[in-house]
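What's counted below: heavy atoms across the whole structure, side chains too, no hydrogens, waters or symmetry copies. The structure presented is a predicted model; accordingly, all values stated were derived computationally and were not measured. Counting starts at 1 for both ligands and their atoms, in listed order.
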Amino acid sequence: MGKALIIGCGGVAQVTIHKCCQNSDVFSEIMIASRTKSKCDEIKAFLEAKNVKTKIHTAQVNADSVDELVALIKQFSPKIVINLALPYQDLTIMDACLETKVHYLDTANYEPPDTAKFEYKWQWEYRERFEKAGITAILGCGFDPGVTGIFSAYAMKHYFDEIYELDILDANAGDHGYPFATNFNPEINIREVTANGRYWQDGDWVETKPMEIKRVYDFPQIGEKDMYLLYHEELESLAKNIKGIKRIRFFMTFGQSYLTHLKCLENVGMTSIVPIEFDGKQIVPLQFLKAVLPDPATLGPRTKGKTNIGCIFQGVKDGKPLTYYIYNVCDHEECYREVQSQAISYTTGVPAMIGAMLVMNGAWQKSGVFNVEQLDPDPFMDALNKWGLPWVEDFSPVLVP
Ligand code: NDP
């Protein structure tokens with residue numbers, strides 16, 4: 001039993017909040033603190049009307065300010081801070097956790113606002129300070145990064161002597177009916193997909209142009225989809241933490257219409273993060289684009305179809321070659337019925353609750369800064385089945401060429 005402070009009240013946070021309230025034995029009290037307090041009050045009222053047992057508090061906070069965060073943490077004294085704001089706030093929130101000696105968890109690596117780098121280096125630099133303070137920081141505890149790292153730890157622990165190749169496949173066959181919208185924060189999503197691709201091969205990074213490498217894969221329960229090689233942040237930590245790995249690639253599915261819209265927006269300069277002057281004000285085109293696109297939190301009631309995210313491993317066990325595919329299939333409409341959110345937010349928000357629970361109950365409490373694959377996957381894997389993200393195993397999958 002304990003208290004958790006949740007920062008942010010967007011698409012992902014709303015799922016985590018629902019899930020913490022379903023798990024009131026662990027999360028007896030939560031505080032939801034975000035930039036726009038009315039969103040926190042709205043979900044609190046919604047959940048209180050359902051008579052949830054978890055006691056809910058709300059607050060306004062600017063998570064760019066360490067002082068404001070420290071004051072809030074001192075006032076509420078949680079066991080853990082669950083950071084579900086944006087990647088720009090990771091370091092200020094980690095600083096505040098250090099100052100107050102409270103555990104930390106997030107779902108995305110720190111990004112400086114002016115350059116999209118997708119690197120853990122800033123957060124890994126906190127390792128010694130977290131060790132000395134005797135507190136835990138869990139990095140990247142959504143689905144990808146997050147469950148993909150847990151799947152990797154599970155494969156290493158239970159099935160393989162050595163893993164040589166890993167392909168992470170992220171398919172979304174959801175349809176929200178809009179000509180163009182992103183399933184999570186548009187700014188972060190578009191920065192990710194317009195960046196160069198990159199994969200790990202024989203001890204080095206191989207860089208590709210955006211969307212240069214395309215494959216077609218027949219996904220269980222979803223069917224055949226076009227998918228493209230992207231760089232994704234978990235590749236950096238998995239390349240370090242899966243000993244002997246020779247190749248890691250990440251593929252995400254995109255429909256032709258999404259890509260055509262994106263190309264057009266890119267061609268006219270709307271995806272740029274370089275500020276321009278407009279009407280005497282500095283504006284960032286990508287932030288303006290975010291303001292005109294549908295809010296991902298509103299896609300829930302409109303989205304139909306399923307997601308399938310998983311990992312295909314190739315390696316050896318007892319001297320014999322072994323392939324292993326493990327994935328989760330999540331249905332957008334079922335997620336909406338349960339927590340009023342679509343599956344992208346659901347698949348991120350549920351693992352954030354599970355990771356926080358494992359820190360709260362001690363199973364994942366270790367001093368330092370950790371990527372999820374560095375921790376024991378077993379209690380997490382059990383919790384995935386229990387809390388809405390069951391997984392499926394296949395020992396003879398079709399491989400990605
Ligand atoms: P949203 O934009 O929907 O929500 C972000 C929330 O953070 C909003 O409530 C926003 O406030 C709040 N916020 C932003 N800046 C501040 C600030 N300075 N101070 C306080 N609150 C702030 O994003 P998502 O919910 O879609 O994504 C949340 C996180 O999850 C992101 O970091 C994203 O990258 C990550 N993610 C991870 C995935 C994974 O699998 N690992 C998958 C999808 C997302 P306001 O309401 O005022 O805008």
Side-chain angles (χ1 to χ4, degrees), residues 5-18 31-43 58-69 72 81-93 96 105-111 113 116 118 120 123 138-151 168 170 172 181-193 230 232-235 237 250 252 286-287 290-291 293-300 307 309-310 328 330 339 341-355 371-372 389:
L5 170 60
I6 296 169
I7 313 256
C9 194
V12 174
Q14 300 208 13
V15 174
T16 306
I17 293 162
H18 269 93
M31 173 175 277
I32 314 163
S34 190
R35 182 167 55 191
T36 312
K37 183 169 178 282
S38 57
K39 288 191 194 170
C40 312
D41 292 333
E42 238 171 72
I43 187 163
T58 62
Q60 202 277 331
V61 75
N62 172 11
D64 294 320
S65 158
V66 179
D67 290 346
E68 276 193 35
L69 289 164
L72 187 66
V81 175
I82 308 175
N83 169 16
L84 301 172
L86 295 179
Y88 316 125
Q89 280 83 46
D90 288 4
L91 301 188
T92 44
I93 299 177
L105 177 141
D106 68 32
T107 62
N109 68 4
Y110 170 70
E111 287 296 330
F118 310 106
Y120 279 112
Q123 291 183 278
I138 309 285
L139 308 183
C141 198
F143 207 104
D144 45 345
V147 176
T148 52
I150 307 287
F151 285 168
I168 300 172
D170 180 332
N172 180 10
T182 62
N183 292 297
F184 66 97
N185 185 283
E187 201 184 324
I188 307 299
N189 183 216
I190 290 173
R191 277 167 71 138
E192 190 172 89
V193 301
L230 296 185
H232 222 241
E233 65 196 55
E234 67 262 51
L235 302 194
S237 68
F250 182 98
M252 194 178 268
L286 182 53
Q287 286 173 1
K290 174 180 187 268
L293 286 175
D295 178 350
T298 64
L299 297 179
T307 60
I309 318 177
N328 161 262
C330 201
V339 299
S341 290
Q342 33 80 359
I344 306 297
S345 302
Y346 191 91
T347 52
T348 312
V350 172
M353 180 283 285
I354 294 173
N371 293 91
V372 293
L389 294 175

SG-CD distance between C330 and Q342, expressed to the nearest 0.5 angstrom: 9.5 Å
Side-chain donor-acceptor pair present, N183, N189, cut-off under 3.5 Å: no
Quick one: salt bridge (Lys or Arg N to Asp or Glu O under 4.0 Å) partners of D41, sequence neighbours excluded? K37
Under a 3.5 Å threshold, yes or no: a donor from one side chain and an acceptor from the other, between Q14 and S341? no
Over 60° means perpendicular and under 30° means parallel, so classify the ring planes of H232 and F250, tilted if in between. parallel
Sub-3.5 Å pairs, protein N or O with ligand 1 N or O:
residue: ligand 1; atom: 2 (O); partner: N185; partner atom: ND2; Å: 2.7
residue: ligand 1; atom: 3 (O); partner: G11; partner atom: N; Å: 3.1
residue: ligand 1; atom: 9 (O); partner: C9; partner atom: N; Å: 2.9
residue: ligand 1; atom: 9 (O); partner: G10; partner atom: N; Å: 3.1
residue: ligand 1; atom: 9 (O); partner: S34; partner atom: OG; Å: 3.3
residue: ligand 1; atom: 18 (N); partner: N62; partner atom: OD1; Å: 3.4
residue: ligand 1; atom: 18 (N); partner: D64; partner atom: OD2; Å: 3.3
residue: ligand 1; atom: 18 (N); partner: Q89; partner atom: NE2; Å: 3.3
residue: ligand 1; atom: 19 (N); partner: A63; partner atom: N; Å: 2.8
residue: ligand 1; atom: 21 (N); partner: R35; partner atom: N; Å: 3.2
residue: ligand 1; atom: 25 (O); partner: G11; partner atom: N; Å: 3.2
residue: ligand 1; atom: 25 (O); partner: V12; partner atom: N; Å: 2.9
residue: ligand 1; atom: 26 (O); partner: N185; partner atom: N; Å: 3.3
residue: ligand 1; atom: 30 (O); partner: T107; partner atom: OG1; Å: 3.0
residue: ligand 1; atom: 32 (O); partner: A85; partner atom: O; Å: 3.2
residue: ligand 1; atom: 40 (O); partner: F143; partner atom: N; Å: 3.0
residue: ligand 1; atom: 40 (O); partner: D144; partner atom: N; Å: 3.0
residue: ligand 1; atom: 40 (O); partner: D144; partner atom: O; Å: 3.4
residue: ligand 1; atom: 41 (N); partner: T107; partner atom: O; Å: 2.9
residue: ligand 1; atom: 41 (N); partner: P145; partner atom: O; Å: 3.1
residue: ligand 1; atom: 46 (O); partner: K39; partner atom: NZ; Å: 2.6
residue: ligand 1; atom: 47 (O); partner: R35; partner atom: NE; Å: 3.0
residue: ligand 1; atom: 47 (O); partner: T36; partner atom: OG1; Å: 2.4
residue: ligand 1; atom: 48 (O); partner: R35; partner atom: NH2; Å: 2.8

Mind checking the CG-OG1 spacing from L84 to T16? Nearest 0.5 Å is all I need. 4.5 Å
